[in-house]
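We name chains A, B, ... by the order of the sequence lines, and we start the count at 1 in each one. The figures that follow rest on heavy atoms only: side chains count, while hydrogens, waters and symmetry mates do not.
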Amino acid sequence: MNSGTRSRIPSFIREAVEEDLRTGRFNYVRTRLPPEPNGYLHIGHCKAFLIDYFTAQEFGGELYLRFDDTNPTKEETEFVEAIKEDAAWLGIRWVKETYASDYFDLLYEWAVKLVKMGLAYVDDQSQAELSASRGTLPKGTKWKETEPNIRPGVESPWRNRSVEENLDLLERMKNGEFPEGSRVLRAKIDMNHPNLLMRDPVMYRIMHVPHHRTGTKWHIYPTYDWSHGQNDAMEGITHSLCSEEYRIHRPLYEWFIEKLGVFPSRQIEFSRLNLTYAMMSKRKLRKLVEKGIVRGWDDPRLTTLRGLRRRGVPPEAIIEFVTNLGETKNDSWVDMAQFEAVIRDVLNKTALRRMAVLRPLKLVIDNYPDDLVEEMDALNNPEDPTAGTRKVPFSKVLYIEQDDFREVPSPKYYRLYPGNEVRLRYAYLVKCTHAVKDENGNVVEVHATYDPATRGGDAPDGRKVKATLHWVSAAHALPVEVRLYEQLFTVERPDDTEDLDSIINPNSLQVLYPSYAEASLSEAKVGDRFQFERVGYFCLDPDSTDGKLVFNRTVTLKDSWAKVEKSLQT
RNA sequence: UGGGGCGUGGUGCAAUGGCAGCACACCAGACUUUGGAUCUGUGGAUCUUGGUUCGAAUCCAGGCGCCCCAGCCA
């Protein structure tokens with residue numbers, strides 16, 4: 001890959017940072033990851049994480065991990081730990097772990113300062129009143145000529161209270177003297193501002209809710225707008241990188257910096273990652289888990305980091321995928337196939353090869369000695385000479401893939417069929433003689449003869465065969481469970497649908513048992529990734545026991561025969 | 001539309017006034033002890049209309065389309 005020569009951060013961000021360093025706006029670089037601990041990390045978060053991480057890294061700067069825990073009704077310590085674990089697994093390193101709640105005291109002081117400057121006030125309006133007085137946007141996408149598309153805001157009757165009264169009220173809000181929803185602290189900006197966010201945004205709301213870190217100390221909690229930017233300033237964050245949806249918050253971000261006269265962090269936006277067939281909404285993800293549609297947050301069909309990890313996706317593939325996308329401000333939808341291509345690419349270079357027969361069919365080599373067992377030499381990874389070789393036992397009775405035999409071959413089928421000779425990988429050339437069927441006419445056993453002169457797979461007379469099959473010796477085979485995954489959803493953009501049941505792919509999980517794997521796999525450890533030759537990439541699942549190994553299919557190999565076969569059918 | 005953001009092959013990006021290129025996908029072929037991998041090749045794009053310029057994806061003006069904002073969520 002080209003990570004050595006290409007920058008991993010988007011050019012427009014790098015240019016902005018370079019400019020800031022050149023002009024002296026900053027003489028160092030510090031970025032931050034600002035996850036809210038209210039759910040598990042998914043592939044969509046990786047983009048922001050990696051941009052923050054690599055931006056700091058490229059400029060010799062630092063990365064802070066700051067949990068945005070300003071809403072105690074949604075946040076839990078459990079998620080803090082999970083996020084740290086997942087981010088570390090991805091390969092992200094931070095120099096400092098902080099919390100928005102670390103700054104509640106200082107932040108309150110800053111709020112008092114704004115009140116004293118006459119730039120913030122306590123508003124006694126109800127939530128409904130406040131919402132109504134903010135003005136409106138056109139309903140829906142259609143705008144009626146007869147209506148103004150936007151109504152100006154209306155100033156609150158409490159907007160011009162005295163500083164003393166505001167200070168007193170704010171203090172008492174903090175002390176928990178008022179019920180939830182009865183009052184808020186608002187910045188005094190401009191109720192007719194074209195940007196709705198500037199129409200006296202809420203800074204503090206009353207919540208009599210214990211916080212996962214500050215306990216019952218606080219009865220007011222800051223909003224995102226009144227916390228995030230201030231935390232950036234307090235931590236000396238130079239570049240606050242975030243997704244496009246925060247673009248409209250920037251004027252407010254800058255307003256606070258200006259009025260407070262604090263460290264001038266620069267917010268830069270980029271577009272978020274949209275991946276087809278991936279569910280990114282935390283709310284809907286939770287629903288999938290709670291309804292039991294998936295087995296948990298780490299279900300391999302989910303694009304949560306935990307799910308991807310369990311599925312067998314290496315972190316390097318995620319990094320490669322995300323950084324190769326490049327970055328713009330465009331709304332974009334990345335094809336899942338592109339992600340899978342990167343996964344294959346990484347796994348092809350790193351995964352050890354093994355043989356496993358998913359849907360077994362017995363193959364008997366009639367002219368092979370009954371009790372003979374030969375140890376065949378097999379390459380661990382043809383792409384990596386340093387991966388070495390292993391021994392694979394071969395005997396008279398084998399399993400091959402059901403798909404690898406046809407009693408009546410279709411055109412272009414050149415695997416096993418009566419009269420045809422194929423290669424058993426790393427073993428012998430074998431020629432099919434006949435098939436044995438049960439009373440229903442199903443093939444239950446295939447017979448063949450081998451050519452003893454072809455040990456290893458090459459014929460001394462130079463004759464060629466078109467197919468090479470993977471196989472497992474029946475007497476040595478390990479019965480294993482194999483879980484095959486397809487897209488969880490039947491639609492490309494599952495987040496657009498509210499009725500989840502209507503878009504679930506009923507075939508998203510297929511469990512195969514017994515499949516037969518070569519004996520060497522008994523030494524595999526949970527999380528180990530393999531390529532089952534000619535089939536796909538697999539990862540050993542934590543559900544595995546000593547008696548039964550469980551493998552998850554990460555991705556298939558490209559199957560050009562499937563394509564040919566499909567085109568023959570149509 | 002009040003404000004903001006964005007428009008380049010099917011998808012994601014590049015080209016920063018000078019031959020529109022790359023990756024994924026697709027199609028065709030070569031090679032092959034994985035019908036894998038690898039390699040080669042074909043097709044296909046600058047939202048639109050005008051303007052500036054020797055020359056425009058790029059600069060200017062208008063139009064069109066998509067996305068975001070009316071949480072005391074982040």
Short side-chain N/O contact to B:A74 OP1/OP2 from A:R205, under 4.0 Å: yes
Whether A:H212 side chain and A:E76 backbone form a donor-acceptor pair below 3.5 Å: no
Between B:G5 and B:C73 - P atom distance, rounded Å: 27 Å
Phosphate OP1/OP2 of B:C72: any A:S131 side-chain N/O under 4.0 Å: no
Worked check of side chain to side chain donor-acceptor pair (under 3.5 Å) between A:E421 and A:Y450: CA-CA 9 Å; A:E421 186 173 53; A:Y450 84 116; over 6 Å; no
Residue-phosphate contact under 4.0 Å: A:N330 side-chain N/O, B:C13 OP1/OP2: yes
Sugar-phosphate, base or nothing in reach of A:F339, heavy atoms under 4.0 Å: nothing
B:A56 versus B:U48 - spacing of their C1' atoms, nearest Å: 15 Å
A:F270 six-ring face occupied by A:K47 cation (under 6.0 Å, within 45°): no
C1' atoms of B:C6 and B:A57, separation to the nearest Å: 15 Å
Distance below 4.0 Å between A:R344 side-chain N/O and B:G36 OP1 or OP2: no
A:T328 vs B:G12: side-chain N/O to OP1/OP2 distance below 4.0 Å: no
Sugar-phosphate, base or nothing in reach of A:P37, heavy atoms under 4.0 Å: nothing
Sugar-phosphate only, base, or nothing, as touched by A:R423 at under 4.0 Å among non-hydrogen atoms: base
Strand partner of B:C6, provided both Watson-Crick or wobble distances fall under 3.5 Å: B:G65
Sugar-phosphate only, base, or nothing, as touched by A:E383 at under 4.0 Å among non-hydrogen atoms: base
Cation-aromatic face contact A:R213/A:Y99, 6.0 Å, 45 degrees: yes
Distance test, side-chain N/O of A:S560 to OP1/OP2 of B:G36, below 4.0 Å: yes
A:K563 side-chain N/O to B:C27 phosphate OP1/OP2 under 4.0 Å: yes
OP1 or OP2 of B:G5 under 4.0 Å from side-chain N/O of A:R247: yes
Sugar-phosphate, base or nothing in reach of A:T454, heavy atoms under 4.0 Å: nothing
Sugar-phosphate only, base, or nothing, as touched by A:I248 at under 4.0 Å among non-hydrogen atoms: base
Closest nucleotide among B:A14, B:A25, B:C73 to the A:S11 side chain: B:A14
Spatial distance of atom SG (A:C242) from atom CD (A:Q267) [nearest 0.5 Å]: 3.5 Å
Separation between the C1' atoms of B:A45 and B:A15, rounded to whole Å: 13 Å
